[in-house]
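As structure tokens, the structure follows; a few thoughts come after it.
Throughout, a chain's letter reflects where its sequence line sits, starting with A, and its residues are numbered from 1.
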2 protein chains.
Amino acid sequence: MNGLRLRSTDMYSFTEENYLKTIYYLAARQEGEVTTNSLAEMTATKAASVSDMLRKLAEKQLIHYRKYQGVRLTEEGERLALKVIRRHRLWEVFLAEKLGFGWDEVHEMAEELEHIRSEELVRKLDAFLGYPQFDPHGDPIPTPAGFMPSVEYSKLSEVPVGTEGRVMGVLEHSPEFLQHLDKTGLNLGCRVRVQEVNNFDKSVVVQINRDKTLFVSNEVARNLLVDSDH
Amino acid sequence: MNGLRLRSTDMYSFTEENYLKTIYYLAARQEGEVTTNSLAEMTATKAASVSDMLRKLAEKQLIHYRKYQGVRLTEEGERLALKVIRRHRLWEVFLAEKLGFGWDEVHEMAEELEHIRSEELVRKLDAFLGYPQFDPHGDPIPTPAGFMPSVEYSKLSEVPVGTEGRVMGVLEHSPEFLQHLDKTGLNLGCRVRVQEVNNFDKSVVVQINRDKTLFVSNEVARNLLVDSDH
DNA sequence: AAAAATTTTTAGACTCGTCTAAATTTTTAT
DNA sequence: ATAAAAATTTAGACGAGTCTAAAAATTTTT
Ligand SMILES: [Mn+2]
Ligand SMILES: [Mn+2]
Ligand SMILES: [Mn+2]
Ligand SMILES: [Mn+2]
């Protein structure tokens with residue numbers, strides 16, 4: 001009766017699942033191997049603890065690990081990471097769509113729910129939600145088969161003047177950022193048209209939903225994804 | 001990044017929550033104090049481990065504990081136990097009503113979901129489910145204020161011949177038992193009329209939904225609750 | 001190509017929850 | 001009222017996951 005009893009193979013601890021997920025995210029956002037320090041920062045632990053865990057994950061063949069050289073997920077490791085991310089994002093959809101939580105509130109709860117281990121539960125949840133493609137932040141939901149759908153959106157900060165599109169996602173997920181977007185009316189799916197880019201601070205002026213104009217700082221603009229399909 | 005980081009007061013580990021819940025259940029079904037051995041059996045651990053944990057729970061003022069004399073929940077301990085039970089039963093309703101799981105499948109998943117700690121989540125889930133009074137097994141759901149609604153049903157095995165009533169709950173929760181009920185058609189809410197009690201083996205003959213008759217072993221009958229309101 | 005700075009790993013220790021084996025207390029049987 | 005049996009607690013150990021401090025490897029600077 002500790003936190004969890006790991007019965008079969010293919011059962012990993014919360015901690016292991018969190019490391020795998022974190023390695024996946026870090027690998028996705030830089031080239032090359034994921035470093036011990038970046039993992040320590042991301043998981044709010046110390047490098048020494050990360051080293052220990054990396055050794056264990058390597059023993060379990062979930063990562064490729066050469067001492068001092070950083071890590072990379074094995075196929076099995078990636079499969080597992082995507083499973084966790086799938087669960088996380090499905091629960092976020094549930095919390096937002098069904099329970100009415102704001103997109104700024106769902107992440108923390110999903111951090112716990114993502115570790116509930118029942119294949120059948122995930123399948124049924126997926127069906128109940130109507131097989132959503134994206135979570136409340138616009139992030140794609142990995143398929144049951146363990147494939148991460150690719151999306152190619154552009155940062156609002158990098159799109160040429162005159163571009164019109166929709167807000168499709170965010171790169172920053174902090175409640176503060178999301179609440180700021182709520183306050184300024186930059187919701188997911190809203191139509192934006194870049195009217196002007198200020199050269200000295202890279203802030204942009206956009207028109208929202210063909211209605212009012214809005215000044216958007218570069219800080220915000222570079223964390224907003226818009227579809228670049230025209 | 002271990003199983004869970006316990007931030008504030010009023011945050012307890014999965015293990016602690018499980019012990020409290022178990023003490024509550026054991027206290028409810030016998031008179032007097034709950035014994036170390038019964039807890040060890042119920043939690044599938046050893047008596048030595050239980051002793052350790054009881055010392056810790058007593059330090060945290062969650063139980064009254066006199067060595068060798070068994071334990072009893074404090075008010076705070078009971079408040080917490082009821083909170084866990086409330087979460088468990090609400091999740092069971094969700095799994096059965098919304099996701100379509102059978103009543104024989106929901107318990108195990110609820111054992112994990114009951115530890116998700118967010119007051120707001122429980123409130124919203126409760127509302128989403130329409131403030132259910134009972135879980136899929138007919139067990140009452142503790143109120144948000146921490147009160148366990150009392151129900152007084154009778155075991156089918158103890159009701160006089162001629163009694164007519166409805167199946168309102170079960171005392172045994174194993175998947176095997178519940179599947180057996182499914183197979184024989186003894187669902188929750190079905191109308192039963194006791195037609196005969198066989199004296200030598202205490203089995204009963206009941207009429208279901210004013211339709212077909214059914215032979216029910218005493219083993220089954222004493223785990224079935226019927227409303228005794230006439 | 002050294003030296004200095006940085007990153008990573010190792011060593012040793014701690015908490016939580018568990019275990020087995022042994023000691024102690026309580027209960028039951030004689 | 002003792003002795004035997006059963007229940008409970010203590011002692012000592014272990015694995016998971018974490019920490020700090022120190023050692024080792026790598027990278028950067030000079
Ligand atoms: Mn999230
Ligand atoms: Mn998300
Ligand atoms: Mn249950
Ligand atoms: Mn139940």
Between [X] and [Y], which heavy-atom pair has the shortest distance, and what is it?
| X | Y | value |
| --- | --- | --- |
| B:Ser38 | B:Leu26 | OG-CD1, 3.6 Å |
| A:Trp91 | A:Leu121 | CZ2-CD2, 4.0 Å |
| A:Trp103 | A:Leu188 | CZ3-CD1, 3.8 Å |

Compare side-chain N and O positions of [X] against OP1 and OP2 of [N] and report whether any pair is under 4.0 Å apart.
| X | N | result |
| --- | --- | --- |
| A:Asn37 | C:dT8 | yes |
| B:Ser13 | C:dG17 | yes |
| A:Tyr12 | D:dA16 | no |
| B:Tyr19 | C:dT18 | yes |

Kindly indicate whether a cation-pi arrangement holds for B:Lys124 with A:Phe101, taking the cut-offs as under 6.0 Å to the six-membered ring centre and within 45° of the axis.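 Yes, B:Lys124 and A:Phe101 form such a contact.
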How long is the line joining [atom1] of [X] and [atom2] of [N], in whole Å?
| X | N | atom1 | atom2 | result |
| --- | --- | --- | --- | --- |
| A:Lys60 | D:dG15 | NZ | P | 13 Å |
| B:Glu33 | D:dT8 | CD | P | 12 Å |
| A:Glu16 | D:dG17 | CD | C1' | 10 Å |
| B:Leu39 | D:dA7 | CG | C1' | 13 Å |

Could you check whether [X] pairs with [Y] (Lys NZ or Arg NE/NH1/NH2 to Asp/Glu carboxylate O, under 4.0 Å)?
| X | Y | value |
| --- | --- | --- |
| B:Glu16 | B:Lys60 | yes |
| A:Lys83 | A:Glu114 | no |
| A:Glu59 | A:Arg55 | yes |

Looking only at the side chain of A:Lys46 (C-beta and beyond, no hydrogens), which of the listed nucleotides D:dT20, C:dC19, C:dG17 gets closest?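 That would be D:dT20.
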Stem list, DNA chain D (Watson-Crick or G-U pairing under 3.5 Å, at least 3 consecutive pairs):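 In DNA chain D, stems of three or more pairs: C:1-30 with D:1-30.
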Between protein and nucleotides 9-11 of chain D, what N or O pairs are separated by less than 3.5 Å?
residue	atom	partner	partner atom	Å
D:dT9	OP1	B:Tyr65	OH	2.4
D:dT9	OP1	B:Tyr68	N	3.0
D:dT9	OP2	B:Thr36	OG1	2.9
D:dT9	OP2	B:Ser51	OG	2.5
D:dT9	OP2	B:Tyr65	OH	3.4
D:dT9	O5'	B:Ser51	OG	3.3
D:dT9	O4'	B:Tyr68	OH	3.4
D:dT10	OP1	B:Lys67	NZ	2.4

Closest-nucleotide ordering on DNA chain D, the 5'-leading residue of A:Met53 and B:Thr35: B:Thr35
Side chains of A:His107 and A:His137: donor-acceptor distance under 3.5 Å anywhere?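 A:His107 vs A:His137: no donor-acceptor pair found between side chains.
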B:Leu62 and side chain to side chain contact (heavy atoms under 4.5 Å, CB included): which single residue from B:Leu57, B:Leu73, B:Val71 fits? B:Leu57
